[in-house]
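Heads up, the thing below is written out as structure tokens.
Quantities reported herein were computed from a predicted structural model and do not represent experimental measurements.
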Amino acid sequence: MARKNKKNSKINQRIRKYFDDDPFDVGIERVEGKTLSELFATLGIYDIEHNKTLMVKTLRMIWSEADSGMRHDILNFFESDGRVYKSEKPKKEVVFDREDKINALLEELDVSQEEAVRLREAYLHVRSKKITIEKMESSLRHIRFEMKKERLERELEGLFDLDDCFEFNASLKYELYEQHFHKILTLKTKPYAYEYLETTDFDAIVQKIGQDKVTVVEQKQENINNFLSNLKYPHAYLSTKEILDALRASPPKSKVSYPLISQKLLKKIVKSKIEAEGVELHEEEVLIRVNEQLCLPYSEQKISYKLELHVELEGLLEEIWNAKRFNFDAILAEVKKEHEDEFLLTLDALVKECEEYAQLLHFSQEELHARVYEYLFELLPQTLNITPKIHRKITRRFLHSIHDELIKKQREALLARTIRDFKNLFPIARSMQRKLILHIGPTNSGKTYEAMEHLKEADTGYYLAPLRLLALEGYETLKAQGIESSLITGEEQILDDEATHISSTIEMMNYDVDVDVCVIDEVQMIDDRDRGWAWANAIIGAPAKEVIMTGSPNVKEAIVALAEYLGEELEIREFERKNPLELLEKPTHPKDVEAGTAIIAFSRKDVLRLKQNFSKDFEVSVVYGNLSPEVRREEARRFREGETQVLVATDAIAMGMNLPIKTVLFSKAEKFDGIIQRSLFPSEVQQIAGRAGRYGLHEKGYVGALHGDALHVVKKNFTKPAKEIKVPFKVMANLEHIKLVSTILEENSLEEILRFFIKNMVFDGPFYAASLDDMLEASRIVDSYDLDIATKYHLACAPLTLKSAYIISAYERYINALEKKEPVYYHAPKLTGSYAQTSEELLRAEDMVKEISLYLWLSYRFNDYFVDENKARAYRGVLNKYIEETLRQTQLSQSCKLCGTVLPVNSKYSICQSCFKKNYVHKRGHRRLPR
């Protein structure tokens, strides 16, 4: 080790002189890219991208990690080049007392001028007190030795390597296939002892090494001649051209004794002998990757994996050049067995651990292994390496599956007592001879109008709306015709004892009230990810002689399939749009927007931004989902009656809102659907676009976009058929299901019961359990309170905005009061001013309205505890007026996220200048502002 360090130290010192006395890592940066490429070629490294940054980084790594031989090759390159790469940085001045001491000591020594220069260089950066005559004498001896070697190197035209072998270039003759050429190879003599080189006369050494060079060249030429004469013709693996090319291209120096062949050719030869996926040539070995399979114990399944073979390059080249009939079968079999045996041991330990967990279940070995393999295939990526992490994951998943098996008998009892044929859960509907009628067509086709006219003529009827706003409109339409009606929504009930008709949100349908006609609006919502179950339940269970469904054409096949399952008559009436809809060819500049236009955005933030922009030229109404139905209705009224000229809205207007819109312009053509940001579907484009050109008000409607990219999406989807809605349909667990599962599983956690229902509930019809994501999130909250399962169920069904901390806080306060059986009072929050100054204040007011909706919803189910229904309803009017006044303002500011100070209009920052200076400059230094 000491000898190696000494060699490295010598090389490090020698190479400094070519970098202006800087170390290698610093000086290499000053070398041109072309010279670096030549260096890599000299080192025999060809497979590198000739990018200077990459080459410098690679050379630093080689210099740091390589042995002294590689460092010596690099030193030889720069010594042969002879150029000094000067530094642009000024060198530190040598301290005068050090120089004086060196000069004084040099006077005591008998040195030549060159020896003196080298001694000065050697001690240039050594502290004065460490410079002694003894050290300088020792250094002088070494300098004289090095100078002697340098003279020998010049005289003999070569270099001494780190082992003091003399390395030189020689021209060797190659005669093969009637071709003659010479090739420069780097040869070396045997090593010479330090004492011999130091003490022997210079001329004697020159004569000795000269004779040795001749001997080495002769021996090498003889070896080459023997090698070439023994080459078979024709060769088993190499063509004449490939042999000649390999001999010519083989580097002057190599760690293998046989000529190297190109990686491409090596791959070709190896792949002719073994089905290799990949072959990589390295300095002393060849890495071969092979696709293999292992048949798993107690199974016919096979697991695929990649096996790596590390083959010695020297031996492989020997077999190729000598044209031996080599194969990899023995190596492959040995490595494969070793690799698979190790895997089978770890697999056996994993299976045995799982077997201990599953003792009570008495699994056979086949079943036990099959369960482990289920997770093994999922978690093991093209390898047989079962890491501790994978081991833990598999055992955890296995334990989870055991839990399901342990309650299997209870689940079977549950399913035996549950009516699996879903339609039979609605006995009144099944006892009636129902007729199903489907009205399908685009918007503005009159399909809903015809259904409502039929409903008005019926003695008794039900109107099921997708939104509370539409349920209210349906109620008012019936009342306007002199029809006694009731309104039932989640948070509001206007009951008339003489009522013959009911207008209701679809989730609030009463399946025990039979009627003559039931209208189910927007039936394509059966495909909705979160609420589709309500439409499926209503279609199957509506207790009406005639069930009229209205929706878009893409729901047709789904309703046909549902009617076949029910065994009921289905009549389909198709409607055409009453006036044409024209697609604008070019984007509409905001300055060209006319009165009667609806601008469509897909977020509250974008709606408010667009409202502010268009308020410069128009009175503007806004509609978005976070607004209460009352405010949405008021904003629609203002637009309908001409108080405003432009409507900025989300796709909330796509569902049943009849407005005098002449032109619909999309500001964007993508939306966040709760999971991902995506482009609009054809059905969404068509449903929104269809609101343009209200029949009776406009001869035609116009559809376009504010920007070219949005218009491109709109054009692509405007006439494209909407995706057909397919079975199966989602259905919802009702309270009776929940109680039954709770009883059998002896489980009071609503979340666990819902998850059980989702995973295990099986139906005979075209149905599956809804995912109930929002209900699951609510169930996690209610499960932390001591309540019976029915109360938890009702609470989890409440209308919640789970992203609002304000709503969740109120929700938890209400649950806490129910747990303690205390009255729940409504506490009206304070408002500042008659309208909101900032978008944050507006959002808070919107959340306050939602809190009231939540309070009223719960008051209908827990009326003994929610005692402030009238107060809450009255304050909802106050809040709605506050929001309406806010929306009439032309500007809304933002407030500082840190201190709440109102920011300037159109500020591009989210904090004020004061908070920036306080929190980001003084305390943390300069940082980028949060956007």
Side-chain angles (χ1 to χ4, degrees), residues 400 403-404 466-468 489-491 505-508 525 527-537 603-604 624-626 628 652 671-678 730-735 737-739 741-742 745 747-761 768-819 824 843-844 846-862 866:
H400 182 72
H403 170 75
D404 292 340
L467 303 172
R468 186 163 72 91
T489 67
E491 60 190 74
T505 48
I506 193 162
E507 285 91 345
M508 296 300 294
M525 287 287 290
D527 194 44
D528 185 78
R529 183 179 64 240
D530 300 314
R531 298 177 64 207
W533 61 267
W535 275 263
N537 285 19
S603 71
R604 175 184 180 276
Y624 53 89
N626 209 46
S628 70
K671 63 182 287 188
F672 181 70
D673 64 3
I675 298 177
I676 59 170
Q677 188 80 15
R678 59 166 175 79
K730 297 175 183 177
V731 290
M732 172 74 158
N734 60 33
L735 179 57
H737 274 113
I738 298 298
K739 287 180 177 178
V741 176
S742 175
L745 300 184
E747 176 65 70
N748 196 49
S749 167
L750 181 60
E751 181 183 3
E752 292 301 318
I753 293 170
L754 289 174
R755 291 195 182 281
F756 175 83
F757 179 84
I758 294 166
K759 291 181 180 179
N760 301 293
M761 201 61 204
Y768 65 101
S771 58
L772 311 176
D773 290 341
D774 288 347
M775 196 172 179
L776 279 169
E777 286 196 47
S779 69
R780 293 189 194 104
I781 299 174
V782 301
D783 275 340
S784 61
Y785 294 88
D786 184 15
L787 301 166
D788 63 80
I789 198 66
T791 300
K792 287 183 178 182
Y793 176 81
H794 287 308
L795 287 168
C797 291
L800 282 179
T801 304
L802 292 164
K803 294 181 180 178
S804 169
Y806 180 86
I807 298 296
I808 295 302
S809 176
Y811 182 61
E812 291 178 337
R813 186 170 71 251
Y814 298 158
I815 299 173
N816 186 52
L818 284 175
E819 181 186 43
V824 184
L843 178 60
R844 184 169 177 81
E846 292 166 4
D847 281 351
M848 291 174 185
V849 175
K850 289 185 176 182
E851 180 196 2
I852 293 174
S853 296
L854 173 63
Y855 187 94
L856 294 174
W857 193 95
L858 293 172
S859 71
Y860 287 121
R861 288 143 187 87
F862 307 102
F866 288 79

Has the side chain of Glu751 got a donor or acceptor atom that lies under 3.5 Å from a matching backbone atom of Ser779? no
Pairwise distance CD(Glu747) to CG(Asp783) - rounded to 0.5 angstrom: 8.0 Å
For Ser749 against Lys792, the heavy-atom pair lying closest together: CA-NZ, 4.4 Å
So how far is it from Asn816 CG to Leu787 CG, rounded to the nearest 0.5 Å? 9.5 Å
Roughly how far, to the nearest 0.5 Å, is NE2 of His794 from CD1 of Ile789? 11.0 Å
Output for pair (Tyr811 OH, Leu795 CG), nearest 0.5 Å, gives 5.0 Å
Could you pull out the closest heavy-atom pair between Asp788 and Asn748, with the gap in Å? C-OD1, 4.3 Å
Looking at side-chain heavy atoms only, is the closest gap between Cys797 and Met775 below 4.5 Å? yes
Side chains of Trp535 and Asp528 in contact at under 4.5 Å (non-hydrogen atoms): no
Closest non-hydrogen atom pair, Pro799 against Ser853: CG-O, 4.5 Å
Counting N and O atoms only, with roles assigned by atom type, does the side chain of Tyr855 sit under 3.5 Å from a partner on the main chain of Tyr814, one being a donor and the other an acceptor? no
Ion pair present between Glu851 and Arg813, side-chain N to carboxylate O less than 4.0 angstrom? yes
Atom pair CG/OH of Leu818 and Tyr785 - distance to nearest 0.5 Å: 10.5 Å
Closer than 3.5 angstrom, by distance alone: can the side chain of Ser809 be matched with the main-chain N or O of Tyr806 as a donor-acceptor pair? no
Taking the side chain as every heavy atom from C-beta outward, state whether Arg531 and Ile506 have any pair of such atoms under 4.5 Å apart. yes
Let me confirm one number: the CG-CD1 distance from Leu800 to Ile807, rounded to the nearest 0.5 Å. 8.0 Å
